[in-house]
Each structure stands twice: as structure tokens, then as C-alpha cells.
2 protein chains.
Amino acid sequence: MSSPQPDGQSPLDPDRVASIGLLLSKLGTAVDRRLAAALEVVQLRPKHLGALSVLGGHGAVSQQALGERLGVDASAVVAIVDDLEREGLARRERDPRDRRRHAIQVTPAGERVLARGYDAAGEVDDTMLADLTAHEREQLLTLLLRVAGTDPGLDRLIRAGAIATPAR
Amino acid sequence: MSSPQPDGQSPLDPDRVASIGLLLSKLGTAVDRRLAAALEVVQLRPKHLGALSVLGGHGAVSQQALGERLGVDASAVVAIVDDLEREGLARRERDPRDRRRHAIQVTPAGERVLARGYDAAGEVDDTMLADLTAHEREQLLTLLLRVAGTDPGLDRLIRAGAIATPAR
DNA sequence: TATTGTTATACTCTATAACTATA
DNA sequence: TATAGTTATAGAGTATAACAATA
């Protein structure tokens, strides 16, 4: 093995420097895996949590609007809402003022599942951020939000509430 | 348009708190998209850059070892090495001491493409981290590395060199 | 004509199981 | 028997185009 560093410092080759982008990419997939596992108890997938999260709170939303906020294609929204409706977590209702539109409503059951989904996301945070102090978490969040702000799609997603959970 | 916020400028609801995990997940996919786009000029996909990065420097590596370090399945390694070999970026050679094993070697062309891949990753970093000072980048990297350290698979990946690029 | 939702399709990525050749 | 590599296959995610209903 290569010589390890004394404390939590990185054992990276000093001639090389880490790419934060590559690290974010790998961290993202690791989080996805953990999140998917944590959501299994609620029989939800990450995309459903994202959709419920954006829908929750905001009254009725069209599928078009939901897709824009989530940054996913309209055809993908159909599949997601199909799933939510089949599980009784959301309802499609025709918008009487524009009968092309569906107004998606989260059901009370959907709100309850959403709350449990938030718990699952909180567990993932607590597990992965266990070594960080509250101050460090705050620092990390602030920096990540600033990075996300440089990406219009991410910015929209965040403003739409896709990463917000109720204060605990 | 009966949303509580007047326009798209709404900050986060004070009654809700952002999940760093959810944010990391979304950031990861955003980075993936940008990285994939930046790598198109080299006709490389992110997974190929990851493989070349782990292979580069470490002489000959078996596909088994490569898969473990990348955290991907052996069958996926076959496809990746197939791609690299077809493009002349790596070679499979039988290990004479155990003829079941392949020793994967990066070719000089592979090293050149790897260098350009690193450039692409650097561009993604520079774009997404443009608003951060050098000190803040350092802070962010340190925090992210500590978070990654809590995940055995990520830790292995990082130690194998999957996120390292040459110092610039 | 344009827009909303829908369906069909295709391509990528990932994971699993079965097969082969070597050990 | 066990291991390294390979192949086939199935599932989920994502993106595009074509279509029906409605505006």
C-alpha cells in the first residue's frame, strides 16, 4: 500500500490535484444509491420524491410546469404521475379553464408518504455527514448552493423546492 | 399564478431546510451532463475517462482490479475496455503467469487522450466554480473529501485516482 | 397553428445469471 | 472447485418524434 497520511487528510498523489467536478459526479451517484435504498421502505424512487416535493405545498400544478421545474421531459412526467396516481399519492384533474391541462394534486396519502420520504433523505444526510460539525454542514451547504446557482436548470430546481425538506 | 412568491426569485422557504444529500444528487447529474458535453471533443464518455484515469500511471491492471477500483461490475468493465481498445487507447495483454487474466495497458495515444480528458474536467470545474475563490474551492474540496470518506466505495475510488488530474 | 398530454421508440447505464477457459 | 473474463438479458433513466385533444 502507499503511505497513508496521519489524519483525515487526503492520500492523493501530490503531483495530482482532485477535480471537484469529478468528485461531485461520484458523490452524486453514491447519494443516489443510498437515497434509493432509504426510500425503499416507502416504495418510492428518488424521482417520485422529487416530484412530490415540488408538488407538495404548491396547490395544483400542470404536468408541463412540473416537468420544467424538475428539469425532466414531458413524457417522463407522464410516467411519474402515472406511478403516483396508481399508488394514490396524487390525482390528475382536468383544468376547467383549459381542458388540455391536468392539474396535479397531492393526496393526503401523498403528503404522508412525502413526509416519510423527507425522513429518508434526512437519514441519508445524517449518515453521510456524520463526521461534519453543524458549522461545517452549513459551510458545505452554502458552497454547494453557490455552485448550483451557476447552473440555470439546477437553480430552477432548487427554487421549485426539490431539495427542501421540512425543518426538523 | 397564485404562488406565494411574486416571481422566479423566491429563495428557500424558511420553514424548510435543504437536504445536502438531495443537492449532491442533483449537482452530480448536472456535472455529469457538463462533463459528457466537454468530453465529446475527445469522443470519450465519463466512464472512459474514469477508467483511463485509474489505469494511467499504474502499469498493467487486471480487469477485475479495475472494476473493483471503479466500483463497476466486471461485465461493464468488458464493455469499457472494448471501447478503449477499439479506439486504440488501451491494450489487453494476457498475463503469462495466469492466463485467465488480462493486463490492461494504456497506450501512448491513450495517455494523450487522457490528458485532454483532464483538460475537459478542468474546464467543467472552472465553469461551475467560477464564483468561488481559491480558498473556497479548497474548503469545498476538503469538505467533500471528508463526506466521500464515509463511503467505502467512494473512498476506494478516490484512492485509486478516479478524481485526480495532473497539477496545473 | 400552437400547446398539453400521451404513446412509441431508442439509447445508455446498471445489474444478474450463465457460459468459457484457465487455475 | 474456484476465478477471470465474456455474453446475453432485463430493468431503469433519458431523450426524441409522432399523435390526439384542445386552444
Side-chain angles (χ1 to χ4, degrees), chain A residues 25-26 28-37 39-40 43-51 55 60-86 90-105 153 157 162, chain B residues 25-26 28-37 39-40 43-51 55 60-86 90-105 153 157 162:
Chain A
S25 167
K26 304 303 182 187
T29 71
V31 169
D32 284 341
R33 264 194 254 263
R34 284 175 184 266
L35 188 61
L39 285 175
E40 268 181 8
Q43 289 190 303
L44 229 53
R45 289 168 186 284
K47 61 180 174 182
H48 301 121
L49 175 63
L55 288 170
V61 174
S62 75
Q63 291 186 196
Q64 195 84 5
L66 179 58
E68 272 171 28
R69 294 181 198 180
L70 288 172
V72 309
D73 192 81
S75 63
V77 175
V78 173
I80 294 173
V81 177
D82 279 353
D83 294 340
L84 295 179
E85 205 168 30
R86 192 185 328 107
R91 274 195 319 269
R92 272 187 252 241
E93 289 170 9
R94 282 286 169 192
D95 183 336
R97 300 193 300 184
D98 183 343
R99 294 186 43 73
R100 290 173 305 185
R101 281 191 160 95
H102 278 151
I104 316 296
Q105 286 270 69
L157 197 62
Chain B
S25 167
K26 305 302 182 187
T29 71
V31 169
D32 283 340
R33 264 194 253 264
R34 284 176 184 267
L35 187 61
L39 285 175
E40 268 181 10
Q43 289 189 307
L44 226 54
R45 289 167 187 283
K47 60 180 176 184
H48 302 122
L49 174 63
L55 288 171
V61 174
S62 75
Q63 292 187 194
Q64 195 84 4
L66 179 58
E68 271 170 29
R69 294 180 199 180
L70 289 172
V72 310
D73 193 80
S75 63
V77 176
V78 174
I80 294 173
V81 177
D82 279 352
D83 295 340
L84 295 179
E85 205 168 32
R86 191 183 330 108
R91 274 196 319 268
R92 274 188 252 241
E93 289 170 9
R94 282 286 170 193
D95 182 337
R97 300 194 299 182
D98 182 343
R99 295 186 40 76
R100 292 173 303 184
R101 280 192 161 92
H102 278 150
I104 316 296
Q105 286 271 75
L157 197 61

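Letters A, B, ... are given to chains in the order of the sequence lines, protein chains preceding strands, and every chain is numbered from 1.
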Once you round to the nearest 0.5 Å, how far does CG of D32(A) lie from OG1 of T29(B)?
->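 Reported to 0.5 Å precision, the distance equals 7.5 Å.
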How many Å lie between [atom1] on [X] and [atom2] on [N], as a whole number?
| X | N | atom1 | atom2 | value |
| --- | --- | --- | --- | --- |
| Q64(B) | dA4(D) | CD | P | 4 Å |
| D32(B) | dT12(C) | CG | C1' | 12 Å |
| L70(B) | dC13(C) | CG | C1' | 14 Å |
| D83(B) | dC11(C) | CG | C1' | 14 Å |
| I104(A) | dG5(C) | CD1 | C1' | 10 Å |
| I80(A) | dG13(D) | CD1 | C1' | 10 Å |
| L66(A) | dT6(C) | CG | P | 12 Å |

Per-nucleotide protein contact along nucleotides 16-23 of chain C, 5' to 3', at a 4.0 Å heavy-atom cut-off (B base, S sugar-phosphate only, - neither), is B-----BS
Quick one: list whatever passes side-chain contact (heavy atoms from CB on, under 4.5 Å) with [X], sequence neighbours left out.
| X | value |
| --- | --- |
| A36(A) | P46(A) |
| A37(A) | none |
| R100(A) | D98(A) |

Mark yes when over 12 heavy atoms from residues, nucleotides or ligands other than Q105(A) sit less than 6.0 Å from its CD; otherwise mark no.
->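 Yes, the 6.0 Å shell around CD holds more than 12 heavy atoms from other groups.
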Reckon R92(B) has a side-chain N or O less than 4.0 Å from the OP1 or OP2 of dT6(D)?
->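 Affirmative; the distance criterion is met.
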dG5(C) OP1/OP2 closer than 4.0 Å to side-chain N/O of Q63(A) = no
Could you list the residues that satisfy side-chain hydrogen bond (donor to acceptor under 3.5 Å, both in side chains) with [X], not counting sequence neighbours?
| X | result |
| --- | --- |
| D83(A) | H48(A), R86(A) |
| R92(B) | Q63(B), D82(B), E85(B) |
| E93(A) | R91(A) |
| R97(A) | none |

I'd like a list of close polar pairs between nucleotides 10-12 of chain D and the protein, N/O only, cut-off under 3.5 Å.
| from | atom 1 | to | atom 2 | distance (Å) |
| --- | --- | --- | --- | --- |
| dA12(D) | OP1 | R45(A) | NH2 | 3.4 |

For S62(B) and for R33(B), locate the closest nucleotide of DNA chain D by heavy-atom distance; then report the residue assigned to the nucleotide nearer the 5' terminus.
->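 Between the two, 5'-proximity favours S62(B).
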R45(B): partners by salt bridge (Lys or Arg N to Asp or Glu O under 4.0 Å), with sequence neighbours left out |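 So R45(B) forms no salt bridge (Lys or Arg N to Asp or Glu O under 4.0 Å) with any residue.
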Given axes from five pairs at either end, by how many degrees does the helix from dT1(C)-dA23(D) to dA23(C)-dT1(D) bend, rounded to 10°?
->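 End-to-end axis angle: 20°.
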Sequence neighbours excluded and cut-off under 3.5 Å, please list the side-chain donor-acceptor pairs for residues 65-74 of chain B, or say none.
| from | atom 1 | to | atom 2 | distance (Å) |
| --- | --- | --- | --- | --- |
| D73(B) | OD2 | S75(B) | N | 2.9 |
| D73(B) | OD2 | S75(B) | OG | 2.8 |

